[in-house]
Amino acid sequence: MPSIPSPPSPLATRLWISFSIIGILVGLIAGSMFYFEFKNINAAGWGFVSAVVAGVTLFVHIQYVRDVWKTKAYRLTYFMYSGCFFQLAGVSGIVAYLTLAITQKEPMVVYGENSYIVVVWCFMTLKWGFSLFYSSRNYRRLYADQYQLTTANDNEVYT
């Protein structure tokens, strides 16, 4: 029988919120720098995507602090699926851009279209996608155990 999950400590929640804010800022700054300064559109796009996923993760944590998930915990399932999608996008980007960089024998330079830098930002998107999935799943489990959330049919219990 699975154990009942315990709610995260206030310190852990504050740390997750802080990391998400830092992720948003770093993604926006990096995306802007790669677009305007280094002319690497692919890295800029992945930097902005990483910032968006960090923003969604921040939203999930802030909604937990505001106790919104007590009444609308079923919506966390959509955030879990979004996290899985961004993880898949990040892995796909890592494989694609790393393959391009190796087959085209690209040097590791900052200016221009460099695929190695894009791989880094695909990894950041993967990381934020996992963070979104993990936190949404934990909050969903927490409220499913506390309130025995049921589906629309009231036949199945979320686990």
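Positions are given from 1, in the same order as the sequence printed here.
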Quick check for you: to the nearest 0.5 Å, what is the distance between [X] atom [atom1] and [Y] atom [atom2]?
X     : Y      : atom1 : atom2 : value
His61 : Thr57  : NE2   : OG1   : 6.0 Å
Lys72 : Asp67  : NZ    : CG    : 13.0 Å
Leu15 : Ile22  : CG    : CD1   : 9.5 Å
Phe59 : Leu132 : CZ    : CG    : 11.0 Å
Tyr97 : Ser92  : OH    : OG    : 11.0 Å
Ile62 : Ile21  : CD1   : CD1   : 6.5 Å

Q.
Does Phe38, at its CZ atom, have more than 12 non-hydrogen atoms belonging to other residues, nucleotides or ligands within less than 6.0 Å?
A. yes

Q: Look at atom CZ of Phe19 and say whether more than 12 heavy atoms of other residues, nucleotides or ligands are closer to it than 6.0 Å.
A: no

Check whether [X] and [Y] end up in the same hydrophobic cluster, where Ile, Leu, Val, Met, Phe, Trp and Tyr are linked by side-chain heavy atoms less than 4.5 Å apart.
X      : Y      : result
Phe130 : Phe123 : no
Met108 : Trp46  : yes
Val49  : Val26  : yes
Phe133 : Tyr64  : no
Val119 : Leu100 : yes

Do [X] and [Y] have side chains that get closer than 4.5 Å, going by heavy atoms?
X      : Y      : value
Tyr143 : Lys70  : yes
Phe86  : Leu126 : no
Ile94  : Val118 : no
Trp69  : Arg140 : no
Phe34  : Trp121 : yes
Asn138 : Leu142 : no

(Q) Under a 3.5 Å distance rule, please check whether Lys39 uses its side chain to pair with a backbone N or O of Phe36 as donor and acceptor. (A) yes

Q: Give a yes or no answer on whether the side chain of Ser131 reaches the backbone of Lys127 with a donor-acceptor pair at less than 3.5 Å.
A: no

Any idea which heavy atoms bring [X] and [Y] closest together, and the distance?
X      : Y      : value
Asn114 : Asn40  : O-ND2, 3.2 Å
Ser136 : Leu76  : CB-O, 3.8 Å
Glu106 : Tyr116 : O-CE1, 3.3 Å
Asn42  : Glu113 : ND2-OE1, 3.1 Å
Thr99  : Val95  : OG1-O, 2.6 Å
Ser32  : Phe48  : N-CZ, 3.5 Å

Q. With Val60, which of Ser20, Ser82, Ser135 fulfils side-chain contact (heavy atoms from CB on, under 4.5 Å)?
A. Ser135

Q.
Using 30° and 60° as the class boundaries, would you call the ring planes of Trp16 and Tyr134 parallel, tilted or perpendicular?
A. tilted

